[in-house]
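Positions are given from 1, in the same order as the sequence printed here.
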Amino acid sequence: MGVRVKPDGVLGLKVKIWGHLFAEVVRADKCSFCGACIGVCPVKVIDEKDEKPSIAGRCIGCGFCYAQCPHTPFNPKGDVSKLFESSFKHDVIGYVKGVYSARSTDSEILKRAQDGGVVSTLLIYAIESGFIDCAICSGLSSKEPFKPEPIVAFNRNDILSCAGSKYTASPNLKALTAAVDEFRADSIGFVGVGCQITGVRKMQYHDYGALKYGLPVKFAIGLFCSKTFYYSSLFKNFLVGRGIDINKVTKTEITSGKFIVKSGGETLLSTSLKEIEGYGRKSCEYCGDFTAELADISVGSLDSPDGWTTVIVRSGIGEKLFKECVEKGLLECKEMKIEDLKLTIKIAGNKKRKATQPAGGSSTS
C-alpha cells in the first residue's frame, strides 16, 4: 500500500488496529463517518452500518484504519507545514495566503450552486485543464431522497450534479480510495469538511500514512462546517414527523440561525437550528476545525454578500488554482482582509473552545 514506517521495522511496529478504533472512536461516539477506515482496509472487512463503520469480517491487524482516522492522534507539523510556506498563521482560522469574496461567472454553475459556485468552478477548470483526472465530491444517492453519497467526478456534468450543500455526513474518503483502486486515478482533487481534509493529510504525512491514496491528491478544498447530522434522524424522523415529503426536497440551507428545506422555489420548512440540534452527530462536539485549516483552499458563505463565497487561500497550489480561474475570467472576486471575517472568526473560535469541553474529548480534526 505504501506507508511511512518508524525505525523499529514493519513486523515489529506497534500499531493500533480496528479494535482500538472501535473503542476509542466509534463506540465513544467520536466518528464523523469520513469513510477513511472503510476505504483503506486492505481486506475490505470494514463496512458501514447505521451511518457508522462496522466490522464485517476478520481484521488482519494492519492498523491502517486507526492511523488514517481524523480522530486519532496526529501532529500536523513537519512535512505538512511545507504546504503552507510563506502563509500567515492566524490563531483561530489557521494558515492564510489571501482572503476573498468570489463567485462564478458561469450562469449554469450559479443556478446550481449553493452560494457563489466557487468550488464547482475550481473543479471544472482543474479537470478540463488536465490538472486532475477526477474529483471527489458529495453527490446524491439514487436510492434514498436527498441522501449524500460520495462520488468520483470526471467531468462538468458530474461536478454540477454535486453542487449545493448537504448537511448529513458523506464518507468522501471512501470515494477517494475507490478513485485509486477502481479507476487508477493518479491526480485527484478532493472536497470535504475539516475532518475529511485531516484524513487526507494523515494519508499523506502520517508516519503510517496510506500513501497510495494520499499522494494522488493534488489539492484539497475544505468546506466550512460547524456540525453534520444523521440522515435517518434528520430526514426520516424530524422532517417526516413534520409532514414533509422528503422525496420532494431539492435544497437545504443553514443561514441566519435557520434550517431551511426547499422544493424548487417553494420553502417546505424554515425552523430554528435549535430544533434540529439533537439530530447532530456527537463527534462534531469534539471537533474544533470550523474552517478546514489543513485544506489548500477553504470556502464558506459567512462574511460575504448573498450569492458570493468567502474563500481562504492557504497554500501555494491553492493560490495558483484560484488565481488562474480569476485571470481566465471564470471567477470574479473582491479581495478581503482577515479583519473582514468577523463572523467566520467568531464561530471558528467558539467551535475551538467548545471542542475542549466534552468529558474526555480531544480531537485533531
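Annotation: cation-pi pair K351/F290 absent, no NZ/CZ under 6.0 Å from the ring centroid and within 45° of its normal. Taking the ring axis of F74 as reference, the NZ or CZ atom of R201 does not stay both within 45° of it and closer than 6.0 Å to the ring centre.
Judged purely by distance below 3.5 Å, without hydrogens or angles, the side chains of S107 and R112 never pair a donor atom with an acceptor atom. Using modelled atom types and a 3.5 Å distance limit, the side chains of T310 and D303 yield no donor-acceptor pair. With hydrogens and angles left out, the side-chain atoms of Y125 and E324 include a donor and acceptor closer than 3.5 Å. With no hydrogens or angles considered, no side-chain donor-acceptor pair links S283 and H71 at under 3.5 Å. Looking only at atom types and distance, the side chain of D245 has a donor-acceptor partner in the side chain of N247 under 3.5 Å away. Counting only N and O atoms by type, the side chains of S138 and N172 include a donor and acceptor under 3.5 Å apart. Of the N and O atoms on the side chains of D133 and S187, at least one donor lies less than 3.5 Å from an acceptor on the other residue. Side chains of K258 and T271: a donor-acceptor N/O pair is absent below 3.5 angstrom, by distance only.
Judged by distance alone, with hydrogens and angles left aside, the side-chain atoms of S263 form a donor-acceptor pair with the main-chain N or O of K248 at under 3.5 Å. Looking at T198, its side chain does come within 3.5 Å of a backbone N or O of G194 through a donor-acceptor pair. Looking at T105, its side chain does come within 3.5 Å of a backbone N or O of G329 through a donor-acceptor pair. For Q196 (side chain) and G222 (main-chain N/O), no donor-acceptor pair under 3.5 Å exists by modelled atom type. With hydrogens and angles ignored, the 3.5 Å screen pairs a side-chain donor or acceptor of S161 with a backbone N or O of D158. A donor-acceptor distance shorter than 3.5 angstrom exists from the side chain of K202 to the backbone of T72, with no hydrogens or angles considered. Within the 3.5 Å criterion, the main-chain N or O of A169 finds no donor-acceptor partner in the side chain of E51.
Between L269 and L239, the closest side-chain pair of non-hydrogen atoms falls below 4.5 Å. A heavy-atom distance below 4.5 Å is not found between the side chains of L173 and I136. Between V299 and F224 there is no side-chain heavy-atom pair separated by less than 4.5 Å.
In this structure, H20 and Y66 have perpendicular ring planes: the angle between them is above 60°, well past the 30° mark. The aromatic rings of F22 and W18 sit tilted, their planes meeting at an angle between 30° and 60°. Classification of the F64-Y208 ring pair by plane angle, with boundaries at 30° and 60°, yields parallel.
A salt bridge links D181 to K212: at least one charged side-chain nitrogen sits closer than 4.0 Å to a carboxylate oxygen. With salt bridges taken as basic N to acidic carboxylate O contacts below 4.0 Å, one links R242 and E275. For D106 and R156, the salt-bridge test passes: some basic side-chain N is under 4.0 Å from an acidic carboxylate O. Note on D340 versus K334: no salt bridge recorded, every NZ/NE/NH1/NH2 to OD/OE distance being 4.0 Å or above. Electrostatic pairing of K147 and E149 does not count as a salt bridge here, judged by no charged N lying under 4.0 Å from a carboxylate O. Ion pairing of D29 with K52 is present here, as a side-chain N (NZ or NE/NH1/NH2) and a carboxylate O approach within less than 4.0 Å. E285 and K354 are not joined by a salt bridge, as no carboxylate oxygen comes within less than 4.0 angstrom of a charged side-chain nitrogen. A salt bridge between E48 and K174 is present, with a side-chain N of the basic residue lying under 4.0 Å from a carboxylate O of the acidic one. E24 and K16 are joined by a salt bridge, as a carboxylate oxygen and a charged side-chain nitrogen come within less than 4.0 angstrom of each other.
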Could you please spell out the steps behind the ring pair (Phe, Tyr, Trp, His ring centres under 6.0 Å) verdict for F235 and F229? CA-CA 9 Å; F235 276 74; F229 299 84; 9.8 Å; no
Please test I151 against C162 for side chain to side chain contact (heavy atoms under 4.5 Å, CB included), starting from the C-alpha separation and ending with a verdict. CA-CA 9 Å; I151 73 163; C162 296; 3.2 Å; yes
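Atom CG of D306 has 12 or fewer neighbouring heavy atoms from other residues, nucleotides or ligands inside a 6.0 Å radius. In the displayed structure, K44 atom NZ is contacted under 6.0 Å by more than 12 heavy atoms of other residues, nucleotides or ligands. Within 6.0 Å of atom NZ in K323, 12 or fewer heavy atoms from other residues, nucleotides or ligands are found, so the atom counts as exposed in its surroundings.
Closest approach of A135 to L123, counting heavy atoms only: CB-CD2, 3.9 Å.
To the nearest 0.5 Å, atoms CD1 (I276) and CG (L273) are separated by 5.0 Å.
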